[in-house]
Structures are given as C-alpha cells and as structure tokens.
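Read through the structure below, which is laid out as structure tokens, and then see the notes.
The first residue of the sequence shown is numbered 1, and numbering continues consecutively from there.
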Amino acid sequence: MKRREFLKAAIAGAAAFAVPPTLLTAAVAGQPAGQTLLSIVRRTIEVNGKAASVFGLQQADGSQGLRLRAGDAFNVLLRNETAESTIIHWHGLTPPWQSDGVGEAPLPLIAAGADRAFDFAVGKAGTHWMHAHTLQEQALLAAPLIVADPNDDKRDEQEIVILLHDFSFSSPEELLAGLTGGEATPMQHGGMAMSGAGAGTMAGMNHGGMAMDLNDIEYDAYLANDRTLDDPEIVPVEPGGRVRVRIINGATATAFTIDFGELEGELIAVDGQDVEPVKGSRFPMTMGQRIDVRVQLPREARSFPILALREGSKERTGVILRPAGAAVAKIATSGDGDAPVLDLALEAQLRAVAPLVSRQAEKTFDMALTGDMAAYRWGLQTSPPLVVDPGDRVEVTLRNTSMMAHPMHLHGHHFQVVAIDGLRFAGAVRDTVLLPPNRSVTIAVDADNPGQWAFHCHHLYHMATGMMSTFAYRT
C-alpha cells in the first residue's frame, strides 16, 4: 500500500478521537479578522509500517506549526479539537506571564472543544517551538514556531526546518509508570498530577568512574518531521545553493548530535539567539534546544543526509537534501558505532552577538539538581528561595549533583551563560542549557518580565517527577 493510501485508511480509523465538527462551527464563524486559527488535533502518521495516532498543532490549511515575522502580533486563537484537556507553551517567546502555557497557574488547561485567544508582541526573529506542558508532549503535541527576520527576505538562501522527536507506541503514562514502578508522582507546578501504569527500560554508561545514565527509555523510533530513515523526508535543494537549517530538538528524553556528514556548516544561532559563527559538521543539542546552521551546498548533483544521532547509541534519524536528478541512497536507522555523549565543549566556545549589558548581579542563587535514578525521583533545591524583584540582574549557579544530564529551561526570559564550572566568560544567550553530571553552569538573566515563571528540566519525565521550580517575582 502506498503511503498516502495507508494514511487515508488510518485517518478514518482515528476519527473517533476528534471533537464533532458541529461543536466548532459557531466559534469559527465568530473568529476576528487577522487572527490565526491554530488547532490542537489528533492525526495519524506511519511509524515502522504501523499507524500511530498522535497529536498535532496545525493551521486551517493543515500545515504544522506557525511562521510569523519579527514585529508581528502573536494574534492566535488556539482551539482544542481533541477529546482531552491540554495546554500549550510557546517555547522561546517571552509573552506576558498570563499567556504562558503551563497549566492551572496562571491559566487552566484548555478543555476539549474549547478555545483560547492570545494577543501579544511576538518579539525578535528566531527558531522557536511550541509544545504541550503535559505528558501529551510525548505523543507529538509539538510543532515549529518560526519568527522570521524580514531582512532575510533579501538573502538568497533556502530555509529547512527539522523537528526531532522520540516515539513510542506505548502511552506516555505507561512510559512514566515504567520508570517510577507504577507510582503516581505529582508534577511540581500548579498542582498538576501525572500518573499511569506500564513499563520502560533504561540504559547507562561509565562517566569518570561512576555510573552515568544516558537514556531512560528505549523508544520504538526516532523521528525527523514525523518520519524515520526507513521513509525519510527528501528535501529538494539547488546544487550550489545556500540553505539555513533550523533544527528543533522536540524529543522528550533524547539528546542528539546533529551530523552534517560531508557538509561543513556555520552555527549561527542557538535557541533563536544569534551567536558568533562556529564552523563544523557536528553540533550537539539537548532536549528543548534549537540550532540554526547555514550551509553552502556543492554544485554537483549529489544527495546529502542531515542526521540526528541518539546520544551514546547507534539509533539515528534525519532528512536528505536532494538536488534534482540526484540519487538517494538507503540509510539505515542504526549507525556502525555509538554517537558521542554530550558535554559542554561547544557551550564554552559560543559567544552571543548581542550579550547582556555588563553589570553586577543584585541577586545570586545556587540551585542543586538532585536525583535518584533507582527510585526515579528528581528535584531542584535552591538557596535562597528563587525570588526576584523587577529590574534585578540575577545570577543562578546550577549544580548537577546527579548522574544524569539535565537540560534546564527558564520560561519567559532569555539568559546568558556566564560561567562553566566557575570559569567566567561571556557565552551564548539562550533559554535552555545542558547540565552534564557533576558540572555547574552559571546563568545571568534580567528580571524584566514579572510573573511566576516555570524553571525546570526539559527531560519530560524528570519534570513530571519533581524537577520543576519557579522563577518568582516578589508580589
């Protein structure tokens, strides 16, 4: 059966998940002019030859995600067309706190069949994304959120967006319960509880003579734009052309090394923030992070894969760039050797194009990242409590005392990396930073967006089992 026929048949079988169209007609008719409709939907994709019911975030024309321009208003009507309540976080944007999607605080989940309007300044250009702030993120409730720079219209370059994900035919609740032994564990923000029953497997390796845990879950597949390397996306490109590749690690529990193979690129942005260019063909990225890489293609008509290598393992996914007439070779979903383990070597090289203004910090904090892999309990301990005043320059030293890496993400702000293991430097401005085991990173942030902001590990199951705190403004 051809892919299109397969999906058509599978979609018919999944129709029971959707809210009946009659519940939505009135709201569509009353939608204000100039507002973009973004729908949370159930859709069906093919993974390893089987139909998989997943979530999606799509516009009226069926396209996944949003593309806006710097200076635009984020004038969006978010409609939940599924049978489940949910919430969406605009990862990388800095909206007013009341528009941040976390759940219960400050806003409740969006009920099945309901909608919610958002209207705030979208801000500067950058590669961002949006995702559920619930276990539904595992079921592909995520999509790109690209804010384009109008000045880039003059550039003679093609844009390619790649959203990476890890996929399981088991439910997120089953995966979580497999890690926790079936015990229900509250999510430590807004009182949201997440629980379930099932099984998962874990893998580890040695790190400095101690047991380092790399991958909690052995997934069924690893996806690039919803597809595996058994049936990858083939992206048409022009021989000798220039491309800007925007890569989003939307995986819930998997870090990758991006491998451009024969191509050498320039890393020009991280987490939507420009950096001084760094040349290379391999770039690490943990969960929640984004990278922009500019590549000049050779003039010969050859195909070039861009692969995402699963940390410490052989599994991989990716897309293939194909000039007209070029052959496309089959690429296995497993490589010959294990991919690199992520470290802070690249982070130490990065320099922001627009760093924070140099000034003394009014408030400093020390945050310990704690964990017990056997019990699957994770936490954040801050001294003193992380409470700030508007206008403060704040520095937080993150110390990973556990034997698993943690991607730490702060909502509503961008921060600058200003020290690694106590060594000061003026690093990248970003919103998600990796903390390998037994390492420390100090970040500086200007308290310029009042609210009670989530500050958490972007490993979904670490967050769900307690690795979540609050960057709180004094009220």
Any side-chain donor-acceptor pair under 3.5 Å between [X] and [Y]?
X      : Y      : value
Asp292 : Thr127 : yes
Ser39  : Gln58  : no
Glu84  : Thr82  : no
Thr442 : Thr397 : yes
Gln138 : Thr252 : yes

Handout entry: Stepwise side-chain hydrogen bond (donor to acceptor under 3.5 Å, both in side chains) check, Tyr219 with Ser170
Key = CA-CA 9 Å; Tyr219 283 96; Ser170 299; over 6 Å; no
Practice task
May I ask you to say whether Glu46 pairs ionically with Arg227, meaning some side-chain N is under 4.0 Å from a carboxylate O?
Solution key: no
Practice task
Determine yes or no for a side-chain-to-main-chain donor-acceptor pair under 3.5 angstrom, with Gln289 supplying the side chain and Asn249 the backbone.
Solution key: no
Looking at [X] and [Y], what are the two nearest heavy atoms and their distance?
X      : Y      : answer
Arg43  : Asp226 : NH1-OD2, 2.7 Å
Ala139 : Val54  : O-CB, 3.5 Å
Asn48  : Ala221 : ND2-CB, 4.1 Å
Phe120 : Pro96  : CB-CD, 3.6 Å

Practice task
Hey, can you tell me if His131 and His133 have their rings parallel, tilted or perpendicular (30° and 60° cut-offs)?
Solution key: parallel
Practice task
Measure the acute angle between the ring planes of Phe283 and Phe260, then classify it against the limits of 30° and 60° as parallel, tilted or perpendicular.
Solution key: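 Phe283 and Phe260: perpendicular rings.
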Exercise for the section: Examine Arg316 relative to Tyr222 and say whether NZ or CZ is less than 6.0 Å from the centre of the six-membered ring and inside a 45° cone about the ring axis. Expected result: no
Problem - Qualifying side chain to side chain donor-acceptor pair (under 3.5 Å) pairs with a residue from residues 416-434, counting only residues at least two apart or across chains - result: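 Qualifying pairs: His91-Asp431, His91-Thr432, Asp271-Arg430, Arg290-Asp431, Glu347-Arg430, Glu395-Arg424, His409-Thr432, Asp421-Arg439.
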Problem - Pair His411 and His413, ring centroids less than 6.0 Å apart - result: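 Ring centres of His413 and His411 not closer than 6.0 Å.
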Problem - Heavy atoms of other groups near Gln59 CD, more than 12 under 6.0 Å - result: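 Yes.
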Handout entry: Chi angles and distances behind the side chain to side chain contact (heavy atoms under 4.5 Å, CB included) call for Glu137, Leu135
Key = CA-CA 5 Å; Glu137 181 188 353; Leu135 290 183; over 6 Å; no
Practice task
Go through the steps to decide whether Trp378 and His459 satisfy the test ring pair (Phe, Tyr, Trp, His ring centres under 6.0 Å), and finish with yes or no.
Solution key: CA-CA 11 Å; Trp378 306 95; His459 185 305; 7.5 Å; no
